[in-house]
Structure formats: C-alpha cells, structure tokens
Visitor: 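Let me give you the structure first, and then I'll get to my questions.
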Amino acid sequence: MALMISELEQTAAEATARLADVADLDALAALDAEFLGKKSALTTAKKQLGGLDPDERKAAGQAVNEIRKRVEAEIADARARLTATARAQQLEAERLDLTELRNDIRRGSMHLVTQSRDRLEDVFVGMGFTVAEGPEVETAWYNFEALNIPEWHPARGSFDTIFVNLGEPEEVMLRSHTSPVQIRTMENTEPPIYIVAPGRTFRTDTADATHLPAFNQIEGLVIDRGITMGDLAGTIDEFVRAFFGGEVKTRLRPSYFPFTEPSAEFDISRPDGSWLELGGCGMVHPNVLRNCGIDPEEWQGFAFGFGIDRLAVMRYQLDDIRELVNNDVRFLRQF
Ligand code: DAH
C-alpha cells in the first residue's frame with residue numbers, strides 16, 4: 001500500500017516535470033490521457049482500492065485522491081497558459097496591417113456647428129445643467145398647444161412650419177423650434193429642472209445669408225422655487241461670457257412669446273458695437289407649467305432658445321450662414 005502511494009508520488013513528480021515544458025495543447029492532451037486517463041497509474045490505483053482492507057482503504061483513498069487533484073490542477077494551469085499563448089499567436093498571425101503608408105492625407109475636423117454645439121453643452125454642463133433631447137418630428141401638442149399656442153393663435157403662423165402627412169389624425173410636423181423639449185422634459189421630470197436641449201429645427205424659410213430651412217437651436221429650461229427674471233439675465237450673461245470671453249455684452253429687450261410671460265429677446269454685442277439678436281427668453285408661462293402638471297404656485301422658471309448656427313456665424317465671423325451647409329472643403333478646412 002505504502003509502496004503504491006510512493007509510486008504515485010513519483011508519477012506525480014514526473015507529471016510536474018513534463019508539464020513544465022509541454023509545448024502545445026496537443027501535447028498537453030496526450031499528457032492528460034497518460035496521467036489521468038483510463039490506463040494511467042492513478043486510475044489503476046483507484047480501481048485497486050476496492051481490494052484493500054476497509055481501514056487501509058480510507059487512508060489510501062484519500063492519498064490517491066489528493067495526488068489526483070494535484071495533477072489535475074497542474075494540468076488545468078498548463079492548459080490556461082497554453083491557451084493564452086495560442087490566442088496571442090493567433091492574433092499576431094491574423095493581424096492586418098492597416099497603417100496608412102501615405103502621410104499626405106488630411107485628417108478631418110468637427111463641423112463648425114458640432115464644435116459650437118459641443119462647446120455650448122460644455123458651458124451649460126459647467127453651470128449645472130444636463131443635456132436633454134427630443135424628436136425632430138412632433139405633434140401639434142408639443143410644438144404648439146402645450147406651449148400655450150392654441151390653434152387660433154396668430155403666433156402659430158409665424159413659425160412657418162413644415163407639416164408632414166403620415167396619415168395620422170393629429171397634425172404632425174417637423175419641429176419649428178426646440179421648445180417642445182421643454183414640454184417633454186416637464187412631463188417626465190419632477191422639478192427642480194435644469195436642462196439644455198440642442199437639436200435640429202425646421203422652417204419653410206428660403207436659404208439666404210442669415211437663414212437656413214434646417215437649422216439648429218438650443219433650448220434652456222430652469223424650473224425651481226423662487227426663480228426670477230434676474231436669474232435668467234444672470235444665466236445668459238454668464239453663458240455669453242463663458243462662450244465668447246469677456247468682451248461680449250448682452251442685453252434683454254421686451255418681446256412677446258406665448259410660452260413665456262414676461263418675454264424678452266436677447267442680443268449680444270458685436271465687435272463694432274452693434275447688437276446681434278440671438279434668441280428669445282422669458283419666465284415660463286403658468287399655462288405651460290399647468291399643461292405639464294406642474295403647480296405654478298409652487299414652481300417658477302425661465303426658458304430661453306437661440307440659434308446655434310447664428311452663434312457659429314458670430315463666433316467664426318462668417319459672412320454667410322450658408323457656408324455651414326455648402327460643405328466646401330476649402331471653407332471647412334479653415335476651422
Ligand atoms: N422657440 C422660440 C423661437 O424659436 C425661441 C424662444 C423664445 C425659446 C422664448 C424660449 C423662450 O424658450 O422662452 O422663436
């Protein structure tokens with residue numbers, strides 16, 4: 001009995017030695033069969049256990065099992081090692097060299113509008129806002145009604161809306177501004193709310209030096225307790241400072257939008273001292289809050305919306321907004 005165990009220990013030692021320099025997975029499979037297979041010393045020893053005295057059998061059985069476990073573990077280790085090596089070799093062999101040998105290819109860059117949009121998001125995120133999104137195709141409820149622009153409202157005409165006919169009973173349109181994202185956000189979020197929503201907007205405008213029929217806006221919405229027009233003015237001022245640097249000034253002019261009361265338009269100063277109209281803003285109208293299930297007695301807020309393309313025109317001093325969509329690489333390359 002003791003002899004059998006010491007022979008098994010020798011076999012195990014031999015297994016250890018041969019596993020140390022096993023070359024590949026095939027060789028390992030052969031070793032596995034040799035040391036653990038049907039005809040291996042370990043399997044044979046296990047079969048012979050039955051012929052031993054019961055008191056001897058227990059100790060011998062434990063010893064045989066212990067040796068078997070050890071050999072199994074060493075084989076598993078070797079398998080893991082060889083599998084990793086085989087995988088690395090395969091990766092190396094199948095590697096494709098995609099290095100471009102030419103060095104005269106220009107890398108592209110982000111489009112001006114994308115750059116402006118990213119920068120706007122960064123500035124507002126830095127001020128504690130999060131970024132929201134909404135669909136580009138909207139129903140009349142989101143684009144108009146919930147924003148306090150009922151069907152009969154004259155403002156509805158001023159949006160030069162592009163309608164689409166999907167055969168739906170309700171009116172469906174390409175959104176004419178990003179303001180519907182205000183509604184979608186308020187419907188789904190408990191105040192306080194601090195969001196900006198950049199995105200594409202569409203109107204029947206003919207493209208000219210200052211208009212594009214598909215353009216980009218960014219909407220801002222803040223709903224909290226005790227929000228005032230001063231917070232709105234401060235936010236716009238702060239954002240313009242962060243976006244353009246110190247030189248650019250802002251001003252608010254009284255205006256009218258159905259979804260805000262009071263409403264204002266905001267301008268930024270040009271280097272020559274004139275003012276450029278950037279967008280609209282105001283205190284969110286109580287009807288709009290109510291349409292979204294928010295109690296205007298408890299919550300107040302402000303909103304603003306302005307054109308990203310116009311901002312890019314100003315920032316990069318373009319003289320025609322259509323440059324943004326002409327995709328002339330000689331133009332785009334400059335930025
Ligand atoms: N949606 C308006 C437009 O496209 C701009 C605007 C005005 C947005 C006032 C606002 C706002 O959020 O409060 O003409």
Side-chain angles (χ1 to χ4, degrees), residues 120 124 129 131-136 138 140-150 153-162 173-187 189 191 193-205 210-224 227-237 239-240 250-268 276-289 291-292 294 296 299-311 321:
L120 283 168
F124 281 112
F129 288 71
V131 178
E133 279 188 328
E136 293 176 353
E138 277 293 13
W141 168 255
Y142 288 103
N143 200 64
F144 292 129
E145 248 118 85
L147 287 161
N148 202 31
I149 320 174
H153 202 291
R156 211 140 153 165
S158 69
F159 279 98
D160 302 318
T161 309
I162 298 173
M173 60 207 69
L174 301 185
R175 64 177 176 192
S176 47
H177 49 177
T178 44
S179 301
V181 188
Q182 289 188 34
I183 306 301
R184 292 187 175 272
T185 307
M186 286 189 278
E187 276 181 351
T189 324
I193 294 171
Y194 289 78
I195 57 113
V196 285
R200 291 208 298 171
T201 45
F202 310 85
R203 292 190 196 174
T204 56
D205 288 335
T210 53
H211 294 85
L212 292 173
F215 54 108
N216 295 273
Q217 287 191 335
I218 185 166
E219 193 80 13
L221 175 70
V222 166
I223 306 287
D224 207 335
I227 296 289
T228 70
M229 198 89 181
D231 298 308
L232 167 59
T235 303
I236 287 178
D237 207 48
F239 137 70
V240 168
T250 61
R251 73 173 183 191
L252 297 185
R253 278 179 296 113
S255 184
Y256 173 78
F257 296 100
F259 30 94
T260 41
E261 181 59 36
S263 304
E265 264 160 321
F266 64 95
D267 303 337
I268 56 177
L276 174 74
E277 184 193 322
L278 205 61
C281 60
M283 302 305 290
V284 179
H285 196 292
N287 287 350
V288 175
L289 294 172
N291 286 338
C292 303
I294 293 178
W299 302 99
Q300 301 76 43
F302 64 77
F304 56 83
F306 56 86
I308 299 180
D309 317 79
R310 288 210 175 152
L311 207 72
I321 201 168

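For reference, positions follow the sequence shown, starting with 1. Every number for a ligand or one of its atoms is a count from 1 in the order of the listing.
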Visitor: Which pairs of nitrogen or oxygen atoms, taken one from ligand 1 and one from the protein, are under 3.5 angstrom apart?
Guide:
residue  : atom   : partner : partner atom : Å
ligand 1 : 1 (N)  : H177    : ND1          : 2.9
ligand 1 : 1 (N)  : S179    : OG           : 2.9
ligand 1 : 4 (O)  : R203    : NH2          : 2.9
ligand 1 : 4 (O)  : Q217    : NE2          : 3.0
ligand 1 : 12 (O) : Q182    : NE2          : 3.1
ligand 1 : 12 (O) : E219    : OE2          : 2.6
ligand 1 : 12 (O) : F304    : N            : 3.3
ligand 1 : 12 (O) : F304    : O            : 3.3
ligand 1 : 13 (O) : A303    : O            : 3.2

Visitor: Quick check: F259 with H177 (ring centres under 6.0 Å apart)?
Guide: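 Yes, close enough.
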
Visitor: So do the side chains of F124 and V131 get within less than 4.5 Å of each other, counting heavy atoms only?
Guide: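 In short, these two side chains do not touch, never coming nearer than 4.5 Å.
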
Visitor: With ring centroids as reference points, do F304 and F239 lie under 6.0 angstrom apart?
Guide: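 Not under 6.0 Å, so no.
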
Visitor: With heavy-atom distances below 4.5 Å as the criterion, would you say the side chains of I321 and F215 are in contact?
Guide: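 No, too far: nothing below the 4.5 Å cut-off.
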
Visitor: Got R200 and N216 here, is their nearest side-chain heavy-atom distance under 4.5 Å?
Guide: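 Yes - at least one pair of side-chain heavy atoms lies under 4.5 Å apart.
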
Visitor: Who passes salt bridge (charged side-chain N to carboxylate O under 4.0 Å, His left out) against D267, sequence neighbours left out?
Guide: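 Counting only residues at least two positions away or on another chain, D267 forms a salt bridge (charged side-chain N to carboxylate O under 4.0 Å, His left out) with R251, R253.
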
